[in-house]
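Note sheet for the following structure.
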Amino acid sequence: MDVRVQEAAFDLGAESAGFAARCTTSGAVVTFTGIVRDVADGLEAMEIEHYPGMTEAALRDIATEACNRWTLEDALVIHRHGRLAPGEMIMMVATAAPHRKDAFEAAEYLMDYLKSRAPFWKREMTRAGAAWVAAKDTDEDALTRW
Amino acid sequence: MDVRVQEAAFDLGAESAGFAARCTTSGAVVTFTGIVRDVADGLEAMEIEHYPGMTEAALRDIATEACNRWTLEDALVIHRHGRLAPGEMIMMVATAAPHRKDAFEAAEYLMDYLKSRAPFWKREMTRAGAAWVAAKDTDEDALTRW
Amino acid sequence: MNVLYFAWVRERIGLPREEIETEAATVADLVTELCGREDRYAAAFADLSALRVAVDQTLSDFDAPLVGVREVAFFPPMTGG
Amino acid sequence: MNVLYFAWVRERIGLPREEIETEAATVADLVTELCGREDRYAAAFADLSALRVAVDQTLSDFDAPLVGVREVAFFPPMTGG
């Protein structure tokens, strides 16, 4: 299990290939990557604030719970903070499992939980000014699935 | 939409990073990678037979249907045939969407359909001999979800 | 008509494809005709529930008509992914 | 006790963290105490349903006790991923 919280960019290709290569017993690897979306009203940057210390602990707890619920060989979570430009990658998760259903469900679980239970806050900077991204009811509702 | 059927290995890292880089309006990218699993009784190789012509058409149909059902910016399917050693990557799919639910569901749909509806047949070569992999009821059942 | 065989169907019949002259109206009629020819066909087609068929490279049923069809393929359930 | 504020809670209160001497028994008591101090706290804590709280870096509730607690953090619902 590998959990990283960092300001620096990560290399999706190298991370995906490295994660898959380290998994020697899994037939299924799933990755999810979140990218700063260029919204209609001219996004200039996205700033991500977090809670150092709690962030790492929360991500580790979420990843541990995923490993307990599904038969996984490994799980990876990388989440950035700081100022990101449109097109930059915000975060990624990867899961490896003997069966695809476990790999998919665990990746979705990781995403649903880190959306609403890991202490990150996004602020969008547009020409019109800065605005905190509001949490979506649909993200909170997604947790009821698990 | 990009569908490739090939004997040659593919570079998961380069394909994942390239796919994500080409997607300029999507906040969510999901990949699935299938890897030859080293089964308990000593797998020496996996041979994958396919139906040239129909394979490409079937994969394109499945990918087109995924693009119709979900709001996707792009979809990628790469599937190998021929002789593969344990640890080699068999196939990958990638989906890009504005929202993670679409990216995840479309990737799972692609996997469920190409497991049971694309003309590939796997044969496992072990010390004990060669055996065709039997289709699983659970794979056929997975289609009822869609 | 081009008739193709894949995986263990190919192995049982002993060849990957053959050109067959037939007046069979449906896939099922073609199967009956082949089974009457030689034991290896009867062995391959013994359990149709274990087989799938594609007509002109599209998954189809055993009651599909063969009018105008150029290619029929028989194979076990697929195991891609 | 260390009290931390994030995102717009931090902006409304005007600082990211402060050391607070308090006898508050619960998080809710602490909030009431802070709201009585200055308007900026009352503004930040006006709608508790829009806030989340972590006690010693674990998500918690407003009725959580503060005995032995070293760090309390207030913030809006999280928006990671």
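A, B, ... follow the sequence lines: proteins, then strands. Residue 1 opens every chain.
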Taking C-beta and beyond as the side chain, do C:P76 and B:W121 meet within less than 4.5 Å on heavy atoms? yes
So with a 6.0 Å cut-off around CG of C:D47, is the heavy-atom count from everything else above 12? yes
Answer yes or no: are there more than 12 heavy-atom neighbours, outside C:R70 itself, under 6.0 Å from its atom CZ? no
Has B:D137 got more than 12 heavy atoms of other residues, nucleotides or ligands less than 6.0 Å from its CG? no
Evaluate side chain to side chain contact (heavy atoms under 4.5 Å, CB included) for B:E49 paired with C:F75, printing each intermediate quantity in order. CA-CA 11 Å; B:E49 184 171 335; C:F75 41 78; over 6 Å; no
Region of B:I90 that comes under 4.5 Å of a non-hydrogen atom in chain C: side chain
Stepwise side chain to side chain contact (heavy atoms under 4.5 Å, CB included) test for C:L59 and B:R117: CA-CA 8 Å; C:L59 272 180; B:R117 292 291 182 271; 3.5 Å; yes
Parallel under 30°, tilted from 30 to 60°, perpendicular over 60°: which one fits the rings of B:Y51 and C:F6? tilted
If you count heavy-atom pairs within less than 4.5 Å of chain C, which of B:K122, B:K136, B:M111, B:M92 leads? B:K122
Check: B:H79 side chain, C:G81 main-chain N or O, donor-acceptor pair, under 3.5 Å: yes
Proximity breakdown for B:R80 and chain C, heavy-atom pairs closer than 4.5 Å: neither
Quick one: what part of B:H81 sits under 4.5 Å from any heavy atom of chain C, side chain, backbone, both or neither? neither
Which bit of B:A118 comes within less than 4.5 Å of chain C, counting heavy atoms only: side chain, backbone, both or neither? backbone
Could you tell me whether the side chain of B:R123 reaches within less than 4.5 Å of the side chain of C:W8, counting heavy atoms only? no
Heavy-atom closest pair, residues C:T79 and B:V133: CG2-O, 3.4 Å
Quick check on the interface: out of B:L114, B:V93, B:D112, B:I48, who has the most heavy-atom pairs with chain C under 4.5 Å? B:L114
Other residues, nucleotides, ligands: >12 heavy atoms within 6.0 Å of C:E19 CD: yes
Taking C:R52, C:E71, C:M78 one by one, which has the highest count of heavy-atom pairs under 4.5 Å against chain B? C:M78
Contact class of B:A134 relative to chain C, heavy atoms under 4.5 angstrom: backbone
